[in-house]
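Just below is one structure, and these are the notes that go with it.
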Amino acid sequence: MQFGIFTVGDVTTDPTTGRTPTEHERIEATVAIAKKAEEVGLDVFATGQHHNPPFIPSAPTTTLAYIAAHTERIILSTSTTLITTTDPVRIAEDYATLQHLSNGRMDLMMGRGNTGPVYPWFGKDIRDGIPLAIENYALLHRLWREDVVDWQGKYRTPLQGFTSTPRPLDGIPPFVWHGSIRSPEIAEQAAYYGDGFFSNHIFWPASHTKQMVQLYRRRFEHYGHGRADQAIVGLGGQVFMRKNSQDAVREFRPYFDNAPVYGHGPSLEEFTSQTPLTVGSPQEVIEKTLGFREYAGDYQRQLWLLDHAGLPLKTVLEQLDILGEEVVPVLRKEFAALRPAHVPDAPTHPSLLAAAGGGHDSTVHAVDDVTGASPESDHTATLEVTK
């Protein structure tokens, strides 16, 4: 099982000091956090993609390529890549380049984003969000698997005899997760292709996440990619820890109460009781995270949000120390003991390459046997959403 962190890259005033970091400081902090995540033994670092203030990660591949050059082991990912407002040709080229620069130490998560004004900035309409996600990913899927693509759709200009460069490393397309909080169509899309499904359930109760994950698992099996319990699932979460629960609550409360995303709403106590947010001791984080398995099943990736709401870098690095030293080692052991042997690990470039035969001449079909995806002749997937 993979454990890691994700960032949304918000530039938020620290409510306890009144100080707001500069964009430069926040970008440098992102790199420092990623390097620290590797240092403490985490598996994954993921950054979001935003094109509006107060966020700084507008160029995730640039940031991740820089981090790749300063790390050796950690997997680099996104949370998320905006499949709706980013041209799939650019995604194909940019992330294939990142794949080469990181020597395959990357994957990515597709998502629609949750900021309405972004759509017209890129010539799109938010009311087309789901159709854009479906059509754009269908094209991206082909661009990474076919050397020459002829394509025509509704939302971008046609392609004739187009080859996306560079080609994927070793002929193996990057593994893709589809991230969604609320859209069953995206769970269906992930199942259709046999890709991973990431439920970033940080604002939602367990009952909602359970429905989404069960839908994905059921449809994953329907499309013939394996048993439902072999589907590739990732979950999000939020934590703030101190040795004593009372200290954690007291220190985090002003950040929670003033956070742009969830401040001035339900109380911290209400939020922690109804969502995955855990504010307390390392043992409380361990117990609550193990409880995710009760409604999501055996899953492959757990990411936490740590650097948000104005928390200073020093505090975030302290949180990473606790996570790496006291929490993740226990979770690795406990989840491994609970997981049946037939449930697969999260795919990585080495595992996909090995399954495909290990050579540079691996065929498309060999790759697709691993990822569970089928090359499509149509420009869009036919998605049947069952609730």
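Basis for what follows: all heavy atoms, side chains included, without hydrogens, waters or symmetry-related copies. Predicted model only: the values in this text are computed from it and were never measured. Numbers here are sequence positions counted from 1.
The cationic group of R219 lies under 6.0 Å from the six-membered ring centre of Y223 and within 45° of the ring axis, placing it in a cation-pi geometry.
Under a hydrophobic clustering in which Ile, Leu, Val, Met, Phe, Trp and Tyr are joined whenever their side-chain heavy atoms come within less than 4.5 Å, directly or via other members, L306 and I56 fall into different clusters. Under the 4.5 Å side-chain contact rule for hydrophobic residues, L317 and L311 share a cluster. Hydrophobic clustering of Ile, Leu, Val, Met, Phe, Trp and Tyr side chains at less than 4.5 Å, counting indirect connections, unites L290 with W304. In the hydrophobic clustering of this structure, L331 does not group with V343; members are Ile, Leu, Val, Met, Phe, Trp, Tyr whose side-chain heavy atoms approach within less than 4.5 Å, directly or through other members. L101 and M106 end up in different hydrophobic clusters when Ile, Leu, Val, Met, Phe, Trp and Tyr side chains are linked at under 4.5 Å.
Ring centers of F175 and W177: under 6.0 Å apart, within the cut-off. Taking the six-membered ring for Trp, Y255 and H308 have ring centres at least 6.0 Å apart. Checked against a 6.0 Å centroid threshold, the rings of H141 and Y193 count as neighbours. When ring centroids are compared, Y192 and F220 stay outside the 6.0 Å threshold.
The backbone N or O of P276 sits less than 3.5 Å from a side-chain atom of T278, completing a donor-acceptor pair. When atom types are taken as modelled, the side chain of E284 and the backbone of S281 share a donor-acceptor pair closer than 3.5 angstrom. In terms of modelled atom types and a separation under 3.5 Å, the side chain of T78 and the main chain of M109 share a donor-acceptor contact. Panel note: side chain R167, backbone S164; a donor-acceptor pair is recorded below 3.5 Å. Side-chain N or O atoms of T17 include one that pairs as donor or acceptor with a backbone N or O of R19 at under 3.5 Å. In this structure, the side chain of E221 does not engage the main chain of R218 through any donor-acceptor pair within 3.5 Å. Within the 3.5 Å criterion, the main-chain N or O of G4 finds no donor-acceptor partner in the side chain of Q302. Side chain of H208 to main chain of I181: a donor-acceptor pair is present (N/O by atom type, distance under 3.5 Å, no hydrogens or angles). One N or O on the side chain of N136 and one on the backbone of I83 form a donor-acceptor pair closer than 3.5 Å. Judged by distance alone, with hydrogens and angles left aside, the side-chain atoms of Y216 form a donor-acceptor pair with the main-chain N or O of I232 at under 3.5 Å.
If you check the side chains of E185 and S180, you find no donor sitting under 3.5 Å from an acceptor. R105 and H349 form no side-chain donor-acceptor contact under 3.5 Å, judged by distance and modelled atom types alone. A side-chain donor-acceptor contact under 3.5 Å links H51 and Q49. Using modelled atom types and a 3.5 Å distance limit, the side chains of T81 and Y95 yield a donor-acceptor pair.
The environment of E25 atom CD is dense: over 12 non-hydrogen atoms of other residues, nucleotides or ligands sit within 6.0 angstrom.
When side chains are defined from C-beta on, Y155 counts as touching P131, because their heavy atoms get closer than 4.5 Å. For the pair D150/L159, no side-chain contact is recorded, criterion being any heavy-atom separation below 4.5 Å from C-beta on. Side-chain contact between I33 and T7 is absent, with no heavy atoms from C-beta onward closer than 4.5 Å. The closest side-chain heavy-atom distance from W151 to E135 is below 4.5 Å. The shortest distance between side-chain heavy atoms of V249 and L268 falls below 4.5 Å. When side chains are defined from C-beta on, Y137 counts as touching V176, because their heavy atoms get closer than 4.5 Å. By the 4.5 Å heavy-atom criterion applied to side chains, T85 and W121 are not counted as neighbours. Counting heavy atoms from C-beta outward, H264 and D257 have side chains that stay 4.5 Å or more apart.
Partners of R127 by side-chain hydrogen bond (donor to acceptor under 3.5 Å, both in side chains), not counting sequence neighbours, listed by chain and number: D125. A search for side-chain contact (heavy atoms from CB on, under 4.5 Å) contacts involving Q211 returns nothing, not counting sequence neighbours.
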Verdict with reasoning, E93 to R90, per salt bridge (Lys or Arg N to Asp or Glu O under 4.0 Å):
CA-CA 5 Å; E93 295 174 339; R90 291 301 307 163; 3.1 Å; yes

Kindly determine whether L132 and K124 satisfy side-chain contact (heavy atoms from CB on, under 4.5 Å), including the steps that lead there.
CA-CA 9 Å; L132 277 165; K124 307 299 180 184; 4.0 Å; yes

Passes salt bridge (Lys or Arg N to Asp or Glu O under 4.0 Å), R293 versus D298? Steps please.
CA-CA 6 Å; R293 182 178 177 273; D298 293 289; 2.7 Å; yes

What do the steps show when you test T275 against W204 for side-chain contact (heavy atoms from CB on, under 4.5 Å), and what is the final call?
CA-CA 6 Å; T275 77; W204 291 79; over 6 Å; no

Passes side-chain hydrogen bond (donor to acceptor under 3.5 Å, both in side chains), H50 versus D10? Steps please.
CA-CA 9 Å; H50 292 277; D10 60 310; over 6 Å; no

Test side-chain contact (heavy atoms from CB on, under 4.5 Å) on E287 and Q283 and set out the steps.
CA-CA 6 Å; E287 291 173 0; Q283 185 58 39; 3.2 Å; yes

Apply salt bridge (Lys or Arg N to Asp or Glu O under 4.0 Å) to E39 and R73, showing your working.
CA-CA 10 Å; E39 178 188 319; R73 181 189 56 79; over 6 Å; no

Going through the distances and angles, do D128 and K154 end up as a salt bridge (Lys or Arg N to Asp or Glu O under 4.0 Å)?
CA-CA 11 Å; D128 296 326; K154 180 179 179 181; 5.3 Å; no

Please evaluate residues I27 and H24 with respect to the criterion side-chain contact (heavy atoms from CB on, under 4.5 Å), reporting the C-alpha separation (whole Å), side-chain torsions for both, the decisive distance (0.1 Å), and the verdict.
CA-CA 5 Å; I27 291 169; H24 180 72; 5.8 Å; no

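Taking both residues in full, the closest heavy atoms of S77 and V44 are given as CB-CG1, 4.2 Å, listed atom of the first, atom of the second, then distance.
Just one of E188, R112, H178 meets the side-chain hydrogen bond (donor to acceptor under 3.5 Å, both in side chains) condition when paired with S183; it is R112. A salt bridge (Lys or Arg N to Asp or Glu O under 4.0 Å) with R301 is found for exactly one of D43, D345, D107, namely D107.
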Contacts table for residues 235-244: side-chain donor-acceptor under 3.5 angstrom, sequence neighbours left out:
{"residue": "Q238", "atom": "OE1", "partner": "Y262", "partner atom": "OH", "Å": "3.4"}
{"residue": "R242", "atom": "NE", "partner": "E251", "partner atom": "OE1", "Å": "2.8"}
{"residue": "R242", "atom": "NH1", "partner": "E318", "partner atom": "OE1", "Å": "3.2"}
{"residue": "R242", "atom": "NH2", "partner": "E251", "partner atom": "OE1", "Å": "3.4"}
{"residue": "R242", "atom": "NH2", "partner": "E251", "partner atom": "OE2", "Å": "2.9"}
{"residue": "R242", "atom": "NH2", "partner": "E318", "partner atom": "OE1", "Å": "2.9"}
{"residue": "N244", "atom": "ND2", "partner": "D247", "partner atom": "OD2", "Å": "3.4"}

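The distance from the CD atom of Q99 to the CG atom of L108 is 9.5 Å, given to the nearest 0.5 Å.
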